[in-house]
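One structure below.
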Amino acid sequence: MTRILSVTSECVPLVKTGGLADVAGALPGALAPLGHEMRTLLPGYPSVMKALKKPKVVVEDDDLFGGPARVLSTKLGGLALFILDAPHLFDRAGTPYLDINGSDFPDNPERFAALSWVAMQIARDGADGWMPELVHAHDWQAGFAPYYLKTNGVDVPSVLTIHNIAFHGLAPGDRLTSLRLDPADFGEQGFEYWGQIGALKAGLQFATALTTVSPTYARELTTPEFGMGLDGVLRTRAADLTGILNGIDLEVWDPKTDPAIVTYKTARGKGRAKARLRKEFGLPDADGPLAIVVSRLSHQKGLDLLLEALPAFVDRGGQLALLGSGDKAMEAAFVKAAAQHANVAVRIGYDEALSHRMMAGADAILVPSRFEPCGLTQLYGLRYGTIPLVAATGGLADTVIHASPMAMRSGVATGIQVSPLTAHALASALMQLIDMFKDVDAWAMLQSNAMRQSVGWEASAAEYAALYDRLTDSA
Ligand code: ADP
Ligand code: GLC
């Protein structure tokens with residue numbers, strides 16, 4: 001049995017802005033049957049503090065990056081948690097990263113450096129009578145953890161998982177002291193990034209092993225196109241970088257028991273869920289496929305290309321229901337598209353329950369991302385017989401089997417991949433979707449293939465376990 005400390009800035013069911021929260025929330029449960037004990041260190045944002053029941057104070061610190069802090073130990077929703085209660089850093093309105101006006105908190109580097117520092121303290125001194133044998137850090141927010149382990153002589157191996165290389169966690173070069181960093185490491189071989197301090201770069205340089213959330217993204221990361229300035233570092237560490245696919249929670253996303261749905265075992269059961277979904281979105285009845293998008297609205301997700309391809313799709317009888325929020329210009333553009341086309345409906349916001357009803361009632365889910373480390377919504381789609389139409393990148397390429405003529409003839413296809421990703425290619429793929437939807441037998445085959453695909457955590461948890469074993473020599 002290995003004891004692992006997972007260090008993350010978000011975790012389901014307590015706080016979520018994206019897929020990282022789902023992964024951090026699912027890993028401990030997926031690892032437990034394999035004999036690994038994972039505890040999770042998470043900042044005490046107001047919503048987290050409110051949810052805690054009878055926490056125990058296990059560490060106290062008078063001066064954690066400018067104020068007093070405590071680590072609380074508690075159990076919640078099957079998770080063993082260490083909560084970093086540091087009001088001067090985390091007791092704020094807004095999201096974990098942004099203030100109420102949508103701007104980054106200026107002290108984000110210090111806030112999450114503090115989280116990483118506490119991870120190091122727990123690895124060094126233990127907490128609640130528990131000593132981790134390995135630290136698993138997620139994204140830039142935990143990027144300094146492997147560095148602090150090294151500089152404080154804590155001989156515990158570390159894994160850094162890259163969920164999204166677009167976020168580097170940069171700070172001005174004059175913050176070395178406030179971030180508790182050694183000036184000697186402020187160079188290309190250390191955490192320096194073009195004159196700035198990079199939290200993610202620190203993790204990439206100092207973690208014992210690196211992972212990302214799909215094998216294709218692991219390869220892509222070492223290229224200038226996808227590495228976003230860190231591809232050079234990743235090339236030097238290529239031997240230590242592996243891609244392990246995310247899974248989804250098969251109980252939360254279960255078409256047979258999902259309370260949001262009229263129960264269905266096969267695609268035929270979609271009829272009623274689809275009728276209800278059309279009604280909910282105010283879409284007319286139609287013979288064409290009902291496609292959905294459930295997404296952050298950001299450049300990454302490529303939805304501006306969907307806006308361009310949309311007229312051709314709806315002209316041919318397709319329908320779109322979108323749920324999302326983020327970039328204000330994109331929100332406005334989709335609201336406008338909905339006003340222009342009767343077959344387009346849009347909800348701006350974040351709504352977990354609605355996302356279930358959409359997955360249940362739709363024929364297809366669109367994920368035309370420019371890059372996608374793994375992606376979860378295409379996996380929900382597969383499980384619900386909601387055919388994914390995806391860009392051939394990252395985890396999307398690894399989880400969807402393209403309906404090429406050969407894959408259709410061999411009966412293995414599960415969706416459609418678009419490559420290269422342009423508005424024109426996306427429009428063609430949407431035409432293919434419409435044509436395949438008309439072919440009742442072909443569509444039924446796609447759906448049953450999709451629903452049979454294994455999208456849970458089992459295989460990936462075993463890969464993480466093998467990695468932990470290798471790093472702690474406890475195989
Ligand atoms: P990312 O982490 O890049 O946003 P993922 O596909 O890995 O992409 O994870 C996104 C998660 O957030 C999924 O669980 C998805 O269902 C959920 N999600 C995104 N936007 C919304 C929304 N507007 N309402 C409900 N759930 C959403
Ligand atoms: C990131 C990526 C997404 C991935 C998620 C969880 O937010 O954008 O592709 O699924 O992390 O690993």
* **Check against salt bridge (charged side-chain N to carboxylate O under 4.0 Å, His left out), Arg92 and Asp107** => CA-CA 12 Å; Arg92 301 179 185 183; Asp107 59 346; 2.6 Å; yes
* Asked: In chain order, what residues pass the salt bridge (Lys or Arg N to Asp or Glu O under 4.0 Å) check against Arg124, with sequence neighbours excluded?
  -> none
* Option from Leu305, Thr393, Thr422, Leu421 for which side chain to side chain contact (heavy atoms under 4.5 Å, CB included) with Pro368 holds -> Leu421
* To do: Determine yes or no for a side-chain-to-main-chain donor-acceptor pair under 3.5 angstrom, with His36 supplying the side chain and Met1 the backbone.
  => no
* To do: Determine whether the side chains of Gln300 and Ser369 contain a donor N or O and an acceptor N or O closer than 3.5 Å.
  => no
* What residues form a salt bridge (Lys or Arg N to Asp or Glu O under 4.0 Å) with Glu37, not counting sequence neighbours? -> Arg39
* Around Glu463, counting heavy atoms of other residues, nucleotides and ligands shown, do more than 12 lie under 6.0 Å from its CD? -> yes
* Are any side-chain N or O atoms of Thr8 and backbone N or O atoms of Glu10, one a donor and one an acceptor, separated by less than 3.5 Å? -> yes
* Any donor-acceptor pair under 3.5 Å from Thr212 side chain to Ser214 backbone -> no
* If we only count heavy atoms from C-beta on, is the Pro132 to Ile4 side-chain gap below 4.5 Å? -> no
* Asked: Is the backbone of Trp457 close enough, under 3.5 Å, to the side chain of Ser460 for a donor and an acceptor to pair up by distance?
  -> no
* Asked: Is there a side-chain contact between Asp91 and Pro46 (heavy atoms, below 4.5 Å)?
  -> yes
* To do: For residues Arg347 and Leu354, determine if any side-chain heavy atom of one lies less than 4.5 Å from a side-chain heavy atom of the other.
  => yes
* Considering non-hydrogen atoms only, spot the tightest contact between Gly19 and Leu376 and give its length. => CA-CD1, 3.7 Å
* **Step-by-step side-chain contact (heavy atoms from CB on, under 4.5 Å) determination, Ile197 to Leu170** => CA-CA 5 Å; Ile197 296 165; Leu170 295 179; over 6 Å; no
* To do: Please report the C-alpha distance between Met451 and Tyr384 in whole Å, then the side-chain angles of each, then the deciding distance to 0.1 Å, and finally whether the side-chain contact (heavy atoms from CB on, under 4.5 Å) criterion is met.
  => CA-CA 6 Å; Met451 293 176 83; Tyr384 280 63; over 6 Å; no
* **Pairwise side-chain contact, Val159 with Leu134, heavy-atom cut-off 4.5 Å (strictly under)** => yes
* Identify whether the distance between the nearest side-chain nitrogen and carboxylate oxygen of Asp231 and Arg235 falls below 4.0 Å. => yes
* Structure fact -> Nearest heavy-atom approach of Val15 to Ser9 is CG1-O, 4.3 Å
* Asked: Can His163 and Asp139 be counted as having a side-chain donor-acceptor contact under 3.5 angstrom?
  -> no
* To do: Return yes if a side-chain donor-acceptor contact under 3.5 Å exists between Thr2 and Glu133, otherwise no.
  => no
* If only atom types and distance count, is the side chain of Arg3 paired as donor or acceptor with the main-chain N or O of Trp130 below 3.5 Å? -> no
* Test item: Gln453 side-chain N/O and Thr399 main-chain N/O as donor-acceptor pair under 3.5 Å -> yes
* Straight-line distance of Ile387 CD1 to Leu366 CG, nearest 0.5 Å -> 12.0 Å
* Asked: Of Phe191, Phe167, Phe112, which is the lone residue that meets ring pair (Phe, Tyr, Trp, His ring centres under 6.0 Å) with Trp140?
  -> Phe112
* Asked: Below 6.0 angstrom between ring centroids: does that apply to His356 and Tyr380?
  -> no
* Asked: Under the salt bridge (Lys or Arg N to Asp or Glu O under 4.0 Å) test, which residues partner Asp182, sequence neighbours left out?
  -> none
* To do: For atom CG of Asp155, decide whether the heavy atoms of other residues, nucleotides or ligands shown that lie under 6.0 angstrom number more than 12.
  => no
* **Taking every non-hydrogen atom, the tightest pair across Pro33 and Ala30** => CD-O, 3.4 Å
* Rounded distance (nearest 0.5 Å) linking atom CG of Leu430 with atom CG of Leu310 -> 8.0 Å
* Asked: At what distance, to the nearest 0.5 angstrom, does CG of Leu389 lie from CD1 of Ile365?
  -> 10.5 Å
* Establish, yes or no, whether the cationic atom of Arg180 lies under 6.0 Å from the six-membered ring centre of Phe65 and within 45° of the ring axis. => yes
* To do: Determine yes or no for a side-chain-to-main-chain donor-acceptor pair under 3.5 angstrom, with Asp99 supplying the side chain and Asn101 the backbone.
  => yes
* To do: Scan side-chain atoms only and decide if Tyr147 and Asp185 contain a donor-acceptor pair under the 3.5 Å cut-off.
  => yes
* To do: Output every pair passing side chain to side chain donor-acceptor pair (under 3.5 Å) with a member in residues 189-211, not counting sequence neighbours, ordered by first then second residue.
  => Thr161-Thr211
* To do: Could you tell me which non-hydrogen atom of Thr242 sits nearest to which non-hydrogen atom of Ala218, and how far apart they are?
  => C-CB, 4.2 Å
* Lys/Arg-Asp/Glu bridge criterion (N-O < 4.0 Å) met for Arg296, Asp327 -> no
* **Qualifying side chain to side chain donor-acceptor pair (under 3.5 Å) pairs, either residue in residues 63-89, two or more places apart** => Arg70-Asp85, Ser73-Asp128
* Closest approach of Leu84 and Ala69, non-hydrogen atoms and distance? -> CD1-CB, 4.2 Å
* Is a side-chain donor-acceptor pair under 3.5 Å present for Tyr217 with Asp398? -> no
* To do: Quick one: pull up CG in Leu42 and CG in Leu72 and give me the separation to the nearest 0.5 Å.
  => 11.0 Å
* **For Tyr45, ring pair (Phe, Tyr, Trp, His ring centres under 6.0 Å) partners two or more places apart** => Phe90
* To do: Using a 4.5 Å cut-off on heavy atoms from C-beta on, say whether the side chain of Leu89 contacts that of Pro43.
  => no
* To do: Look at the side chain of Asp258 and the backbone N and O of Asp254, then say whether any donor-acceptor pair between them is shorter than 3.5 Å.
  => no
* To do: Would you mind reporting whether Leu210 and Leu204 have side-chain heavy atoms less than 4.5 Å apart?
  => yes
* **Backbone N/O of Gly227 and side chain of Glu220: donor-acceptor pair under 3.5 Å** => no
* **From CA spacing to verdict: side-chain contact (heavy atoms from CB on, under 4.5 Å), Leu303, Phe334** => CA-CA 9 Å; Leu303 295 166; Phe334 273 105; 3.9 Å; yes
* To do: For residues Val294 and Met358, determine if any side-chain heavy atom of one lies less than 4.5 Å from a side-chain heavy atom of the other.
  => yes
* Asked: Does Arg111 use its side chain to pair, donor to acceptor, with the backbone of Pro106 at less than 3.5 Å?
  -> no
* To do: Measure across Gly395 and Leu245 and return the closest heavy-atom pair with its distance rounded to 0.1 Å.
  => CA-CD2, 4.5 Å
* Check: Phe144 and Met120 side chains under 4.5 Å, non-hydrogen atoms -> no
* To do: State the CZ-CG distance between Phe186 and Leu179, to the nearest 0.5 angstrom.
  => 10.5 Å
* Passes side-chain contact (heavy atoms from CB on, under 4.5 Å), Leu31 versus Tyr468? Steps please. -> CA-CA 11 Å; Leu31 288 163; Tyr468 300 149; 3.7 Å; yes
* Asked: How long is the gap from CG on Leu5 to OG on Ser158, to the nearest 0.5 Å?
  -> 11.5 Å
